[in-house]
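Notes follow once the structure below has been shown.
The structure displayed is predicted, hence computed values, not measured ones. Remember, it's 1-based here, ligands and their atoms both numbered in the order they're listed. Throughout, residue positions are numbered sequentially from 1 according to the sequence presented. The figures here come from the full heavy-atom set of this structure, side chains too, leaving out hydrogens, waters and symmetry mates.
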Amino acid sequence: MAAASVFLVAGARPNFVKVAPVYRALEASAAFDVTLVHTGQHYDERLSESFFRDLDLPPPDVHLEVGSGSHAQQTARVLERFEEQLQERQPDLVIVVGDVNSTIACSIAAAKMVYPDGRRPRVAHVEAGLRSFDRTMPEEINRLLTDSISDYLFITEPSAEENLRREGVPDAKVFFVGNVMIDTLLNQVERAAALAAWTDLGLEERQYGVVTLHRPSNVDDAKSLAAILDVLLEAAERLPLVFPVHPRTAHRLREFGLEQQASGQGSRLRLLEPLGYLEFLSLLSRARVVLTDSGGIQEETTILGIPCITLRDNTERPVTITEGTNRLVGTDRTKILAGFEAALAADAGTAARPRLWDGQAAGRIVEALEAAFDQTPVGG
Ligand code: UD1
């Protein structure tokens, strides 16, 4: 039987980390012929190419170069350009990952596509079923919509299974495979730790914290961002903090005139440019504590056994709380500082291993897809 053709889609920084192991597993399978599609949602060297290098990914086969814009603009550009690629190359399967605007745009274009011979591509969503139940979060809308139109839903944790069942998704579409972001972490963590990125910053193992912030709810409002910055400066008095700043956050710090306050003289809060995957993982691996509003970092710290203080009121990844090192503190000053103190007082965390977060998730995804395409061949 001829190999089925697959579009594997990535658009933004966390997507690259997730597609890397899936790309390798597809390449190793005789059943699939893979085309790597980059939408161009993230385009800066430090958010894109450097990740391809660190993750040993080849340059994308197709680049849509959509760039930044409002949600509607960005999503619309991906929709149009991705649809053209579907029409031209007519893949049998489209795989999307995560919850960014590229994820929803490509899944919509694929779910509505009918080729001239009547065939339709199938859609697979990796990291399906996660829900924060907060519809003010753009990612929550992307997750809900992508899941509702996907044929295969690959999930990372038990909450996703419950969420999808409650939304009426048939069990036969849902595959509990583990976590591809953790595949990448387990594959790269020794290489990353060997870089000892903390020494370049004059820091000692377990004697510093790492900060990341980029959620619109935290950084797009001047008052909220200034308040968080104040807490970080106070926490940094207790433990030096390094803060690789996401471009969204960097723009806001400039716009709100907070740059000076953030990187003032003698401050133990060190602002850095965004880091590559290996350098960031290196820093993470020896941190004493992490303060973040990222989704993926809640999972990475769980596996690494590093206390994670999450500056959000909700998480779509509850297993990082029930089994891992994550603590939700919101953005209340007292709660952030209490969480921080508790993390400092705790012994070095114990690494948790939620079910199937074992480095083999991508292999399970490709096995499930091989079986699905074997039972119902292309065009069937
Ligand atoms: C996007 C995702 C978010 C994910 C995050 C990871 C959506 C809705 N959001 O958020 O879920 O957690 O990526 O980083 O898809 N910019 C640059 N260079 C770039 C890309 C962006 O400077 O290469 C700046 C632009 O000013 C842009 C802003 O960052 O307007 C935001 O970029 P965008 O892709 O819209 O959203 P993120 O905040 O990165």
NZ/NE/NH1/NH2 to OD/OE distance under 4.0 Å, Arg46 and Asp44: no
Among protein heavy atoms, which lies nearest atom 4 (C) of ligand 1, and at what distance? His214 NE2, 3.7 Å
Provide the number and element of each atom of ligand 1 under 4.0 Å from a heavy atom of Pro247. 16 (N), 17 (C), 22 (O), 24 (C)
For a quick check under 3.5 Å, do Glu299 and Asn179 share a side-chain donor-acceptor pair by atom type? yes
Could you list the atoms of ligand 1 found under 4.0 angstrom from a heavy atom of Gln74? 34 (O), 35 (O)
In this structure, atom 18 (N) of ligand 1 is nearest to the protein heavy atom Asp44 OD2, 2.9 Å
So, the side chain of Arg77 versus the backbone of Val66: is there a donor-acceptor pair under 3.5 Å, distance only? yes
of all protein heavy atoms, closest to atom 3 (C) of ligand 1 is Glu139 OE2, 3.2 Å
Please say whether His251 places an N or O atom under 3.5 Å from an N or O atom belonging to ligand 1. yes
Rounded to the nearest 0.5 Å, what separation is found between the NZ atom of Lys173 and the CG atom of Asp171? 11.5 Å
Compute the minimum heavy-atom distance from Arg215 to ligand 1 and say whether it is under 4.0 Å. yes
Which heavy atom of the protein is the closest neighbour of atom 8 (C) of ligand 1, given with residue, atom name and distance? Asn101 OD1, 3.3 Å
For atom 34 (O) of ligand 1, the protein heavy atom that lies nearest, with its residue and separation: Gln41 NE2, 3.2 Å
Six-ring centre of Phe7, Arg89 cation under 6.0 angstrom, axis tolerance 45°: no
If you have a sec, work out which protein heavy atom is nearest atom 16 (N) of ligand 1 and how many Å separate them, to one decimal? Tyr43 OH, 3.6 Å
Residue part near ligand 1, for Arg248, under 4.0 Å between non-hydrogen atoms: both
Among all the protein's non-hydrogen atoms, which is closest to atom 20 (C) of ligand 1, and how far away is it? His42 CD2, 3.4 Å
Between Gly98, Ser68, Ala250, flag the one that comes closest to atom 21 (C) of ligand 1 by a heavy atom. Ser68
As an exercise, identify every atom of ligand 1 less than 4.0 angstrom from a heavy atom of Pro14. 6 (C)
Is it true that the side chains of Ser5 and Asp92 contain a donor and an acceptor less than 3.5 Å apart? yes
Lys/Arg cation over aromatic Phe373: Arg122, 6.0 Å, 45° cone: yes
Under 3.5 Å donor-acceptor, Arg353 side chain and Trp357 backbone: yes
Using modelled atom types and a 3.5 Å cut-off, is there a donor and acceptor pairing between side-chain atoms of Tyr277 and backbone atoms of Ser50? no
Has Glu259 got a side-chain atom pairing as donor or acceptor with Leu253's backbone, closer than 3.5 angstrom? no
Look at atom 2 (C) of ligand 1 and say which protein heavy atom is nearest, naming residue and atom and giving the distance to 0.1 Å. Val100 CG1, 3.7 Å
If the cut-off is 4.0 Å to any non-hydrogen atom of His246, which atoms of ligand 1 fall inside it? 14 (O), 37 (P), 38 (O), 39 (O)
Can you tell which part of Ser294 has a heavy atom less than 4.0 Å from ligand 1: side chain, backbone, both or neither? neither
